[in-house]
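Chain A is the first sequence line, chain B the second, and so forth, proteins listed ahead of strands; every chain is numbered from 1. Values reported hereafter were calculated over all heavy atoms of this structure, with side chains retained and with hydrogens, waters and symmetry mates removed.
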Amino acid sequence: MKLKIILQIAWGLLKARKRQTIVAAVGVTFGITTFITLLGFMNGLNDLLDGLMMNRTPHIRLYNEITPSSTQPIDEASNHNDDYNFVHSIKPKNDRMEIRNNKPIISFLSNAPEVKGVTTRITSQVFFNIGASSIGGLINGIEVAQEKELFFFEDYMIEGNSMDLQNVPNSIVLGEILAEKLMLRIGDLVQVTAPNGERFQLKLVGLFQTGIADIDKSQSYASILTTQKILNRPNDYVTDILVKLHDVKRAPALAKYYGKLFSVETIDMNTANAQFDTGSSIRSLISYAVGITLLVIAGFGIYNILNMLIYEKMDSIAILKATGFSGQDVSRIFNTIALVIGIAGGGLGLLFGNLLCHLIHSIPFNTDALPTIKTYPIDFSTKYYVIAALFSVITTYFAGYFPSRKASKVDPVAIIRGK
Amino acid sequence: MKKTLIEAQHIGKYFYSPKKVQVLNDISFKIDEGEFVSVIGKSGCGKSTLLYILSTMDTEYEGDLKIDGVATKKKTPHELAHIRNEKIGFVFQFHYLLTEFSVIKNVMFPGIKLGKYSEEEVEHQAYERLKLLGIENEALKNSNQLSGGQKQRVAIARALINKPKIIMADEPTGNLDEGNSELVFDIFKEICAELNQTILVVTHDNDFANRTDRIIELSDGEILSDGPPLIGIG
Ligand SMILES: Nc1ncnc2c1ncn2[C@@H]1O[C@H](COP(=O)(O)OP(=O)(O)OP(=O)(O)O)[C@@H](O)[C@H]1O
Ligand SMILES: [Mg+2]
């Protein structure tokens, strides 16, 4: 059976009911527009928040916890093998933070194919002094170039240039709130007290803002060399090795593997940010639910118009059947009507959804928490458009299914007699 | 020996609502190629019911029906639709046209559905049929912009589009004045003589019936008489 005549007849029947057809199509358009806009907006926000967190989070972190040794010297003594021993009040040794013998680990990781990048850090508690009082905080000794590349460090710099950390000796970058509390400006000297009590003067070369107040009011960055100096450590002293992978999904497995391989503590991003992920997925879920609900409602609109159309066009159906169109042909005609409404309405919906997304994307959105964001974030991924198109076709198909079946079962004799 | 086109064998039909009533009882006859047959009888005697069965639209009956030598009882609805499309042209009492489409489209659709010829070819044939019926000037009008007689002629043109072996009509002149009735009769007569098509017409009009080759008279669901008209052909 030729598609053309089916289309021709479907189109003729549609034209006879212009207004209802348009209303039904507008229902689909509305559903799809909302679906696209909602998902684009929600996921734009998700990505933004993800970026806020994830960009700065290593996929795997290798570190050492300060924990007391699990074996005591007496356990090693062979002449007490058969005896019990009790050792009370075991304390950790001071030194455990360091990842010892880290050079081979780093070179192993740098050459591993699954690893995108590796950088090392030293994290230590320090005090920032202002006059007689001091504020507790954290200093991160970083490899500036790698940090920039892997964790987008530059994105968070609101003043100064991060490379100055490397180029200017004894320099530091402070969190924006911290600098404000210390009443310091770029070029000023920052008084820092190391855990061992030694005092240092560092030059303030920049300010950063992550949008997370806890970080911005307590943290600071310096080059790894400067930090080693402050802590009075040798230049192979490192407390964290941070890894970014090509495929984040492998993080949990690889974290475990590296932990065993190098006998260090490891934590992967998924475990560290489990709740964060849940939040994102619930937001997506809600937007899908709302979008699909709207489409289902639009589907009922199509269902109604088709039922009405079939009721009104009983005569035409009877004529078609009497002149040799089968129930299957009639059913195809009405399915086509449903799909035409769905595709036309859905297509416009995709267009309007995209336009609305662009509109939202152009609305200024300034917040202290998000220094790099100037307008509302929108996720323009094609996958939402594909899903929306798919859903509009599926809902309209189902909306058309039962009416079409009904139409195919119309008994021409009953209709012709009824006249 | 002429070919038998319609063969009814012991056809019986019941209606079940409001109560079981037998409307047709043991109807048997054969109609050959090129015959012009009329079916007459009192109102309510079962003429239309019989015609719907013969047209393959009604499949709930007893007995057997052969169309052009093919038994129809075991055919699927899809196959029956094809038989109707190819072999039977149906003209209703109330000129049933698709009001959403132009006259020419109404005539063309069964032809396009058959798919034997290209759309241009079908369109050409449709114009020929309309010309035959003298309404080619109305081809592009919408089908509900025509008079009753014109509509009836469009319906006949549509019935003719696929050169069906059989044309069935249920009181095709019931709604027409004398002049138009005359016209329709002449058209049928012409088709029958020139195109060798078989025509089966249900009618109330005795004048009409008397001018056909053969009259089947029904009474209370049974065949009362079957043969050439008693009054000579006019
Ligand atoms: N769907 C139905 N249910 C019950 N009885 C029916 C049904 N259709 C028709 N009948 C009955 O069947 C009988 C035959 O009807 P049919 O329409 O075949 O008569 P007809 O000979 O065509 O009459 P007319 O000349 O008035 O058109 C009538 O008595 C009618 O009441
Ligand atoms: Mg009747």
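Ring orientation note: the planes of B:Phe90 and B:Phe92 are tilted relative to one another, at an angle of 30° to 60°.
Contact detail for A:Phe352 and A:Thr33: the closest heavy-atom pair is CB-OG1, 3.5 Å. The nearest pair of heavy atoms linking B:Asn85 to A:Thr323 is ND2-O, 3.1 Å.
Contacts between B:Glu86 and chain A at a heavy-atom distance below 4.5 Å are absent for every atom of the residue. Both the backbone and the side chain of B:Thr49 have a heavy atom closer than 4.5 Å to some heavy atom of chain A. A:Lys313 touches chain B through its side chain: at least one heavy atom from C-beta onward sits under 4.5 Å away, while N, CA, C and O do not. Using a 4.5 Å cut-off between heavy atoms, B:Phe101 contacts chain A through its side chain alone, with no backbone atom that close.
Side-chain atoms of B:Ser118 and B:Glu121 form no donor-acceptor pair, as typed in the model, at a separation below 3.5 Å.
Ranked by heavy-atom pairs shorter than 4.5 Å toward chain B, the options A:Asp411, A:Ile9, A:Leu320 are led by A:Ile9.
Between B:Tyr117 and B:His124, the ring center distance fails the sub-6.0 Å criterion.
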